[in-house]
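Inspection log for the structure reproduced underneath, given as structure tokens.
So you know, we letter chains A, B, ... as the sequences are listed, proteins then strands, and number each from 1.
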Amino acid sequence: MRSPGYGAFMARKAAARRYWLFKSEPDVYSFQDLLRDRKTFWDGVRNYQARNMLRDDVAVGDGVLFYHSNAEPMVVAGLCKVTKAGSPDPTAFDPRSKYHDPDSDPSDPTWFGVEVAPVCALEPPLERDRLKSVPALADMVLLQRGSRLSVQPVTAAEWRAVLALAGAKESW
DNA sequence: GCCAACGTTGGC
DNA sequence: GCCAACGTTGGC
């Protein structure tokens, strides 16, 4: 009784593995910064849709594409993994932080973040223009007109297509 | 630098 | 609850 239930649980858990794309302006925080830091808390997200994903959906072990926005060139710079699930974003409570939100109550936090660690850089980085040329990626949230979300879901098929384009192997 | 798209704010 | 004004994001 216990074993089949546990096995099914583990199977579901494995099947539930998800993929994401996180945007960062490299002038603010780049993939190279993450390599240097070895891990980082993804703070400063102040959009409710993105918050909901960070708080509720992003799980330990999920894969993350680290995207450089507002840059020349715009690229997927590397792969990351989620090392801690959603927890309250401390910058919201710090009056000195540019992400300070005086309306966020520490006993009922508004804003959340996750911890990520680098897996590998993409060498060379995968340019946005290249992504746009791939039919399998036509529906990527990133490439939709007007798409501004800084935390986006990536389908398993899109994840595989991106890794194939980059010549990267899934390594965890 | 421009501006489309989108989210938020606040008057009513 | 509507919606106009405003601010921000981020590709181009």
Interatomic distance where CG belongs to A/Leu142 and C1' belongs to C/dC12 [whole Å]: 14 Å

Distance below 4.0 Å between A/Lys23 side-chain N/O and C/dT9 OP1 or OP2: no

Value rounded to 0.5 Å, distance of CE in A/Met74 from CZ in A/Arg128: 5.5 Å

Separation of atom CG in A/Asp103 from atom C1' in B/dT8, rounded to whole Å: 12 Å

is_close_aromatic(A/Phe66, A/Trp42), centroid dist under 6.0 Å: yes

Length of the line joining A/Gln49:CD and B/dA5:C1', which is rounded to integer Å: 14 Å

Phosphate-side-chain proximity, A/Arg145 and B/dA5, N/O vs OP1/OP2 below 4.0 Å: yes

Pair A/Ser30, A/Asp33: side-chain N/O donor-acceptor within cut-off below 3.5 Å: yes

Whole-Å gap separating C1' (B/dC6) and CD (A/Gln144): 15 Å

Euclidean distance, atom OH of residue A/Tyr99 to atom C1' of C/dT8 [Å, nearest integer]: 13 Å

Candidate nucleotides B/dC6, C/dC12, C/dG11, ranked by approach to the side chain of A/Arg148 - the nearest: B/dC6

Separation of atom CG in A/Asn47 from atom P in B/dT8, rounded to whole Å: 6 Å

Separation of C/dG10 C1' from A/Leu149 CG (nearest whole Å): 13 Å

Pairing of A/Asp89 and A/Arg46 as salt bridge, 4.0 angstrom limit: yes

Short side-chain N/O contact from A/Tyr67 to OP1 or OP2 of C/dG11, under 4.0 Å: yes

Contact under 4.0 Å: A/Arg128 side-chain N or O vs C/dC12 OP1/OP2: yes

Rounded distance (Å) that lies between atom P of B/dT9 and atom OH of A/Tyr48: 7 Å

